[in-house]
Amino acid sequence: MGEDRLHVVFGTGQVGSALAAHLAGLGLAVRAVSRHRPATLARGIDWRAADVTDPEAAADAAKGASVVYQCVNAPYSQWPELFPPLQRGVLAAAGRTGALLVALENLYGYGPTGGRPMTEDLPLAATTVKGRTRAAMTAELLAAAQAGRVRLAIGRASDFFGPGVTQGSTLGERVFGNALAGRRADFIGNPDLPHTYSYVPDIAAGLAILGTDARAAGQVWHLPGPPTVTTRALLDLVAGEVGHQVAVRSLPKLAVRALGLVNPMLRELAEMAYEFDQPFVLDTSKYESAFGAAGTPLAGAVAATVAWYRTRPGTS
Ligand SMILES: NC(=O)c1ccc[n+]([C@@H]2O[C@H](COP(=O)([O-])OP(=O)(O)OC[C@H]3O[C@@H](n4cnc5c(N)ncnc54)[C@H](OP(=O)(O)O)[C@@H]3O)[C@@H](O)[C@H]2O)c1
């Protein structure tokens, strides 16, 4: 399958590494790019060190690519200063190479929807600092595509979980790690509302489709994942996997705000608390109509994640 086409994945973090492995598993030529060599790298992936804020280094790393994937990320508390320049580096590299740019985004740009399911045609009306940063970054991508400087497909996913996801996620260490250790799952907001959680292997598969199916270019796509249930229903599945009840320690918003005065991560989470005060549902029907449904059943996704947490390096 397409050995002449080089797929270059910028970012070897939680999604980038899964995407690179998925693409390599499809038999595609894959280069993965980040500043530090990742601890593990799937077989057959050519890793290249580059800082994407250096345009020459980024362009060099993208040389020969037919598809470039934007999976870099900035520290959660420094999005306004650090994230846009990262994406600009990837965007410029894709433009110079003439590659299709497949950009992964989250849903922060939409802002609160009053519980209405999110479809791709929703305006980007974010009210938070990180949401406005993301919306401005989307605008930069779309402007470059409109001006003919790059061919673009955007894939959006919700708060994610999965093997390898520990930090920077609602369903990371504070839920899966705590549950396995017999501690309460930390959660901000109302766990009894429907909330779409994306599953990293599904995100990887979805981005790979955007990079390999000619119909994807020029559009925004919501990437499919497991069916949407309430957070509590998902935690019940986690409980079934770890073999004991998982109690939820739900922090009230006011407490999160107060603690945020001294804890930068809680300060950043506080502004996103609206996601958990109302239903937060991603409509993926556009993708499913075009490319077919591709979400993993929720129970299987939870089981695979718990299994990874049980055997991850450092777990005795
Ligand atoms: N967290 C969620 O629930 C969620 C949900 C949906 C979408 N997303 C989006 O998914 C995307 C990827 O997130 P992630 O969690 O997979 O990221 P991540 O695990 O934080 O990894 C970020 C990657 O970016 C690389 N990077 C950072 N600065 C760089 C630089 N100057 N030059 C080159 N590489 C650089 C890092 O490697 P080095 O440090 O080695 O350079 C790392 O490999 C983000 O846009 C995020 O908003 C996240």
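We count ligands from 1, going down the list as the structure has it; atoms in each ligand are counted the same way. From a predicted model like this one, the values you see are computed outputs, not experimental measurements.
- Using a 3.5 Å distance cut-off with no hydrogens or angles, the side chains of Arg184 and Asn178 do not pair a donor with an acceptor.
- Ring geometry for Tyr274 versus Phe280: interplanar angle over 60°, hence perpendicular rather than tilted (30 to 60°).
- Between Tyr110 and His222, the distance separating the two ring centers is shorter than 6.0 angstrom.
- Within 4.0 Å of ligand 1, the residues that place a heavy atom are Gly11, Thr12, Gly13, Gln14, Val15, Ser34, Arg35, His36, Ala50, Asp51, Val52, Cys71, Val72, Asn73, Trp79, Phe83, Leu86, Leu104, Glu105, Asn106, Arg134, Ala157, Ser158, Asp159, Phe160, Gly168, listed by chain and number.
- Side-chain polar atoms of Thr284 and Trp221 form no donor-acceptor pair below 3.5 angstrom.
- If you look at Trp308 and Phe176, their ring centroids are not closer than 6.0 Å.
- Taking the ring centroids of Phe160 and Tyr199, they lie at or beyond the 6.0 Å cut-off.
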